[in-house]
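Taking it in order: structure first as structure tokens, then the write-up.
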There are 2 protein chains.
Amino acid sequence: MKSSSVERQMGPIDVDFMMDRFVTACRERGFSVTPQRLALYRALLGNRGHPTPEMLFAEVREQMPTLSLATVYKAIDTFKEMDLIRELRVPEDHRMRLDADMRRHHHLVCVRCREVMDLHLDLAGDLSFPPDSVSGFEVHSFTVQLSGVCSECKSD
Amino acid sequence: MKSSSVERQMGPIDVDFMMDRFVTACRERGFSVTPQRLALYRALLGNRGHPTPEMLFAEVREQMPTLSLATVYKAIDTFKEMDLIRELRVPEDHRMRLDADMRRHHHLVCVRCREVMDLHLDLAGDLSFPPDSVSGFEVHSFTVQLSGVCSECKSD
DNA sequence: ATATGTGCAAATTCTTTGCGTAGCT
DNA sequence: AGCTACGCAAAGAATTTGCACATAT
């Protein structure tokens, strides 16, 4: 499996540390720590791509054959509510995509293969949006979505 | 109807001029100029929001009661192929949204009411992505998606 | 023991497709 | 006339929901 992450001065996520935080966060907010949720969240952390629910389901199901797709969708809702993951939508493909990397980063979307890659460059780090700059809109976060052709597709 | 466009030093689109260009573009590329397409494209130009296909359908259907939703989807495909509109997806709402403003601009998405507003500030004008800065990815275009709370929802 | 979560299957919602007829060029 | 587009209805894909049983706290 190819890596779909373009990294610059940004290390990988420490999975064990994050799993501990996950368990703590669940306990604090009254969510049960189930094997399904553990496996799903761990898979999301490990997967540096941006899997669809279906892909996540397929991956985790290998070690947990009784897992159901509905559980995946429900776990996703829980994770979003806990602010552990973000949902992603790109114009090129209407399926939900998941991103467990909560650090600010941007997305490269290949218009040919529709793959979504991370861009951890801090190019936009200095873009700030003072509340009044956008007529009363209170900006919580932002992402830059870049469209183009990835290196793999270019060489085809 | 409230305007959902945050304008800065950017005028509105000249609808008549754009309609002329539309007809020309259709002729040049061998697409028929039908009343449906004319009405749909005109509605998209006039609508400064970011309607879903369903909303566009409802709007145009008032003057054209025989219009069908399938025609709307097919026209959308045609318009995209002609590079006259862009499709938009935001994490807050999985429906397709349409944007007939092809000038570079950005999007404010209210996490409460899910409305998408235009931001015509050139904040990111100086963000340049030299081809090699993103390891072989060839950047065609980009948009900044801002999440937050709009002024209307803030006052509730 | 009780509340919460899981798995299954059915239901929704959004979008696409096939096909016969109508309209544009 | 010939090709393209339209409208209808049916199909398909993605996501959500309801409910009975199982599991976590």
Side-chain angles (χ1 to χ4, degrees), chain A residues 19 22-41 43 50-58 60-82 84-85 87-98 114 116, chain B residues 19 22-41 43 50-58 60-82 84-85 87-98 114 116:
Chain A
M19 289 307 295
F22 173 68
V23 172
T24 308
C26 286
R27 298 244 151 87
E28 274 172 1
R29 302 207 35 189
F31 292 107
S32 301
V33 178
T34 67
Q36 287 85 345
R37 285 178 180 164
L38 286 167
L40 288 166
Y41 185 59
H50 301 82
T52 63
E54 195 72 47
M55 291 166 179
L56 178 62
F57 172 61
V60 175
R61 195 172 207 189
E62 290 183 9
Q63 315 121 234
M64 192 179 275
T66 59
L67 182 70
S68 96
L69 185 54
T71 298
V72 175
Y73 276 101
K74 285 166 187 166
I76 289 168
D77 281 346
T78 308
F79 297 163
K80 284 195 287 189
E81 202 179 322
M82 297 175 74
L84 293 172
I85 65 170
E87 178 179 336
L88 215 80
R89 301 270 176 176
V90 301
E92 286 75 12
D93 173 4
H94 54 138
R95 292 172 301 175
M96 182 191 299
R97 287 168 179 280
L98 307 168
R114 297 176 177 187
V116 181
Chain B
M19 289 307 297
F22 173 69
V23 173
T24 309
C26 285
R27 298 244 153 89
E28 275 173 359
R29 303 205 35 189
F31 291 107
S32 301
V33 178
T34 67
Q36 287 85 347
R37 285 178 179 164
L38 287 167
L40 288 167
Y41 185 59
H50 300 81
T52 63
E54 196 73 47
M55 290 167 179
L56 179 62
F57 173 60
V60 176
R61 196 174 205 186
E62 290 184 8
Q63 315 122 233
M64 192 179 274
T66 59
L67 182 70
S68 97
L69 186 54
T71 299
V72 175
Y73 277 102
K74 286 166 185 165
I76 289 169
D77 281 348
T78 308
F79 297 163
K80 284 195 290 189
E81 202 179 323
M82 297 175 75
L84 292 172
I85 65 170
E87 177 180 335
L88 213 79
R89 302 270 175 176
V90 300
E92 286 76 11
D93 174 4
H94 55 132
R95 291 173 301 176
M96 182 191 298
R97 287 168 179 280
L98 307 167
R114 297 174 177 188
V116 181

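These values consider heavy atoms only, across backbone and side chains, with no hydrogens, waters or symmetry-generated copies. In what follows, every chain begins at residue 1, and chains take the letters A, B, ... in the order their sequences are listed.
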What nucleic acid atoms does [X] come within less than 4.0 Å of, heavy atoms only: base, sugar-phosphate, or nothing?
| X | answer |
| --- | --- |
| A/Arg89 | sugar-phosphate |
| A/Thr66 | sugar-phosphate |
| A/Arg61 | nothing |

Send over the distance from [X] [atom1] to [N] [atom2], rounded to a whole Å.
| X | N | atom1 | atom2 | value |
| --- | --- | --- | --- | --- |
| B/Asp77 | C/dC14 | CG | C1' | 14 Å |
| B/Phe22 | C/dC24 | CZ | C1' | 13 Å |
| A/Leu69 | C/dT12 | CG | P | 19 Å |
| B/Leu38 | C/dG23 | CG | P | 15 Å |
| B/Met96 | D/dA13 | CE | P | 16 Å |
| B/Arg29 | D/dC3 | CZ | C1' | 17 Å |
| B/Asp93 | D/dT16 | CG | C1' | 14 Å |
| A/Tyr41 | C/dG5 | OH | P | 17 Å |

Please check if the distance between the ring centroids of B/Phe79 and B/Phe22 is under 6.0 Å. yes
Phosphate-side-chain proximity, A/Tyr73 and D/dT16, N/O vs OP1/OP2 below 4.0 Å: no
Show me, range against range, the stems involving DNA chain D, built from at least 3 consecutive Watson-Crick or G-U pairs below 3.5 Å.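 Stem list for DNA chain D: C:1-25 with D:1-25.
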I need the minimum non-hydrogen distance between [X] and [Y], along with the two atoms involved.
| X | Y | value |
| --- | --- | --- |
| B/Ala43 | B/Val60 | CB-CG2, 3.6 Å |
| B/Ser32 | B/Arg37 | O-NH1, 2.8 Å |
| A/Arg89 | A/Arg95 | NH1-C, 3.7 Å |
| A/Thr71 | A/Leu40 | O-CD1, 4.5 Å |
| B/Ser68 | B/Phe57 | C-CE1, 3.5 Å |

Quick one: pull up OG1 in A/Thr66 and CD in A/Gln36 and give me the separation to the nearest 0.5 Å.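 Atom-to-atom, A/Thr66:OG1 and A/Gln36:CD are 6.5 Å apart.
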To the closest 0.5 Å, what do you measure between CD (A/Glu87) and CG (A/Leu98)? 7.5 Å
For the side chain of [X], counting heavy atoms from C-beta on, which of [options] is nearest?
| X | options | result |
| --- | --- | --- |
| B/Arg37 | C/dG7, D/dA5, D/dT15 | D/dA5 |
| A/Leu67 | C/dT15, C/dG7, D/dT15 | C/dG7 |
| A/Gln36 | C/dG7, D/dT16, C/dT15 | C/dG7 |
| A/Arg95 | C/dG5, C/dT15, D/dA14 | D/dA14 |

Would you kindly compare A/Thr71 and B/Glu54 by the position of their nearest DNA chain C nucleotide and give the one closer to the 5′ end?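 On the 5' side of the pair lies A/Thr71.
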DNA chain C nearest-nucleotide lookup for B/Arg97 and A/Met64: closer to the 5′ end is A/Met64
Flag yes if more than 12 heavy atoms outside B/Glu62 fall under 6.0 Å of its CD atom; otherwise flag no. no
Can you name the side-chain contact (heavy atoms from CB on, under 4.5 Å) partners of B/Val33, sequence neighbours left out?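 For B/Val33 the side-chain contact (heavy atoms from CB on, under 4.5 Å) partners, ignoring immediate neighbours, are B/Val23, B/Cys26, B/Arg27, B/Leu38.
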Scan nucleotides 18-25 of chain D nucleotide by nucleotide, 5' to 3', and note B when protein non-hydrogen atoms come under 4.0 Å of the base, S if they reach only the sugar-phosphate, - if neither. B-----SS
